[in-house]
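Below is one structure, written out as structure tokens, with a few remarks after it.
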Amino acid sequence: MKYRTHTCGQLRSEDVSTPVTLSGWVHARRDHGGLIFIDLRDRYGKTQIIFDESVNADAFAAAKSLGSEDVVTVDGDVVARPDEMVNANLPTGAIDVQCRELRVLSPAETTPFVITDRDSASEELRLTYRYLELRTDELQSNMMTRSKAYQSVRQYFHDLDFIEVETPVLMKSTPEGARDYLVPSRIHQGRFYALPQSPQIYKQLLMIAGYDRYFQIVKCFRDEDLRADRQPEFTQIDVEMSFVDEEDIYAVVEGLLRRLFQEFLGASLPDPFPRLTYAEAMERFGSDRPDLRFGLELQELASHVQKSDFNAFKSVLDGGGRVKGLVVPGGAAYSRKMIDELTAWIKQYHKAKGLAWMKVTSDALEGGISKFFSGDTQADIINDLGAGEGDLIFMVGDETKVALPALGALRVELAAREGLIPEGDLRPLWVTDFPLVEYDAEARRHVAVHHPFTAPNEEDLALLGTPEAKNIRSRGYDVVINGYEVAGGSIRIHSREVQQQVFDLLGIGSAEAEAKFGFLLKALRYGAPPHGGIALGFDRLVMLLVGTRQIRDVIAFPKTTSASSLMDGAPANVSDEQLRELGIALRTGGKA
RNA sequence: GGGACCGUAGUUCAGUUUGGUUAGAACGCCGGCCUGUCAAGCCGGAGGUCGCCGGUUCGAUCCCGGUCGGUCCCGCCA
């Protein structure tokens, strides 16, 4: 039995009078009494099938009872449509297939939602029936883009002589970083594998093994809370290279991204990508992943505040904090209610103590905290900030690590509200010179900003082991596009001594380091080349390629915000027998 | 761990402000008519434990408490 000679997206005017067989899903049925149309759909497209009572009564009778999403095979002949019936919206819109014989392969029950319209059902329902949602044009298109992107990435790295190596999914739990997903061992009861947060250590060991250009498209797992752009299992393009410095990595990554965005969007990314240090990104944008598609940059207000009578801000400056602001064009029209809402928002979500504001008139400031500034200072502020009549100045004064991120969040929020974000733009950049460590109040020690194997900046190397070590810059770098962190990496430590010093800085004692990373420290003794690498978030790249803000739109079977799969019910309880085999007794019995 | 919003026919929503007899609409589904539609059209019909549990009340979809589920955000995500 032959199911198809062509796909449902294939036939054109040139095929008229060809006998064909098509198989697919009944997308829609339009019954005109003596004439029935169905749109037959597969992943290649749709073709209209005609059943004409006067041409073939048997097929016509069979078509009477067809329902949406039935799977059928149609034998028939390609016929041209009358000129005025051509559907210009469909690639196959110039022809019909006149049905000779209809075979119903698999009738479908009424679906819980209509396949033609993804918006017609809640996400909850669509996730429960994900295999139905995957039939929609939008998701099929997304998944095909994803598939082509895999191929493009592989081709790129193979052409550059990279070797693709699979690393273990069952590995040893590493204490730093995200929470691990654990897998119990049956053979070694009471012991656990961890799923990789990334193949970080393996790829470094591959460098030591001499595989000097490695890449892998690899699943990673992090047991942390989800977001619109974060799933517990996600895919990285993992890259590592030996005998390289930052510039070599930048060149390879920029080449890949330029290729992908050119191929899928016809977009030419800048060459080279602009670069910002972490410090500059924080000062100007209040974020280490700035969205460069719009302005609203953070501006310094310290000198003006010093000349004011606003003691709240002056004491912030005296205490070593910062006062910065941003100018909202036309913001003077904001109502008091809107400003109050923004104030509540920034206090609740971004820990700022408040949000000060002043409106700009022709030559002075008014409202808000303007009364604390003299006329001359007001003029200086307007001039200095490049503000104009009708603008609004927002200000935050706080300790540095609150003030800058709060204003950064405000910047993004205001740009969205004001429609200042040009959606078609793509603005990539490198962010460099991250701090090597930051203080973790909860753990009461310094932790790695990137990871513990990141090399310190050469210029700051002398500070290792001194009290100034907390200010050391790292050789880490991120790629940011439109506010999304799409890649992150670093030049790694290849010296056992430096690695030991960094562990010391992180409060990881030699015994602990030996127990947890002994195999890496040992490997570093046997001839470790200088090396570095990067990992690109593949899902986020595909999001940009298809133009969605939701990571679930580019993953075939995603999890909900609470990390469960509505379709298959994972995670689920397991039998006592399974637990017994693993030597596991539940402490609380779990939630039934 | 915290905050906000949401949960009512198969589906998307309205209704709840001010508790009260038959809870509506559209789409889908079923039946009928219809030979050029392509989201076909017209006529008719069926379809509801108002997420779940408890409380208040003569009476709860509506008010209160809890709980489950979904979405977004803060924390978290080396």
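In what follows, every heavy atom counts, from backbone to side chain, and hydrogens, waters and symmetry copies are set aside. Quick note on labels: first sequence line is chain A, next is B, and so on, each numbered from 1. As the structure is a prediction and not an experimental result, all values here were calculated from the model.
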> Where is the tightest heavy-atom contact between A:K203 and A:D238, given as atom of each residue plus distance?
Replying inline: NZ-OD1, 2.7 Å

>> Can you confirm whether more than 12 heavy atoms, excluding those of A:R289, are under 6.0 Å from its CZ atom?
In response: no

> Would one find more than 12 heavy atoms of other residues, nucleotides or ligands at under 6.0 Å from atom NZ of A:K351?
Replying inline: no

Just how far, in rounded Å, is [atom2] of [N] from [atom1] of [X]?
| X | N | atom1 | atom2 | value |
| --- | --- | --- | --- | --- |
| A:R41 | B:C38 | CZ | P | 19 Å |
| A:L90 | B:A40 | CG | P | 12 Å |
| A:L35 | B:C34 | CG | P | 13 Å |
| A:Q231 | B:C77 | CD | P | 18 Å |
| A:K559 | B:C72 | NZ | C1' | 20 Å |
| A:D52 | B:G36 | CG | C1' | 10 Å |

Answer yes or no: does a side-chain N or O of [X] lie under 4.0 Å from OP1 or OP2 of [N]?
| X | N | result |
| --- | --- | --- |
| A:R227 | B:C74 | yes |
| A:T111 | B:U11 | no |
| A:T560 | B:G69 | no |

>> Using atom P in both nucleotides, what's the gap between B:G59 and B:U21 to the nearest angstrom?
In response: 15 Å

> With a 3.5 Å cut-off and just heavy-atom distances, do the side chain of A:D31 and the base of B:C34 make a donor-acceptor pair?
Replying inline: yes

> Paired with B:C63: which nucleotide, if any, by Watson-Crick or G-U wobble criteria at under 3.5 Å for both distances?
Replying inline: B:G55

> Does any nucleotide pair with B:G7 by Watson-Crick or G-U wobble geometry, both distances under 3.5 Å, and what is it?
Replying inline: B:C68

> More 5' along RNA chain B: A:T561 or A:R29, using each one's nearest nucleotide?
Replying inline: A:R29

>> So is the aromatic ring of A:H32 stacked onto the base of B:G36, judging by whether the centres are under 5.5 Å apart and the planes are under 30° apart?
In response: no

> Are A:F37 and B:U37 stacked, counting the six-membered base ring, centres under 5.5 Å, planes under 30°?
Replying inline: yes

> When A:V26 is tested against each of A:V74, A:L66, A:V71 for side chain to side chain contact (heavy atoms under 4.5 Å, CB included), which residue passes?
Replying inline: A:L66

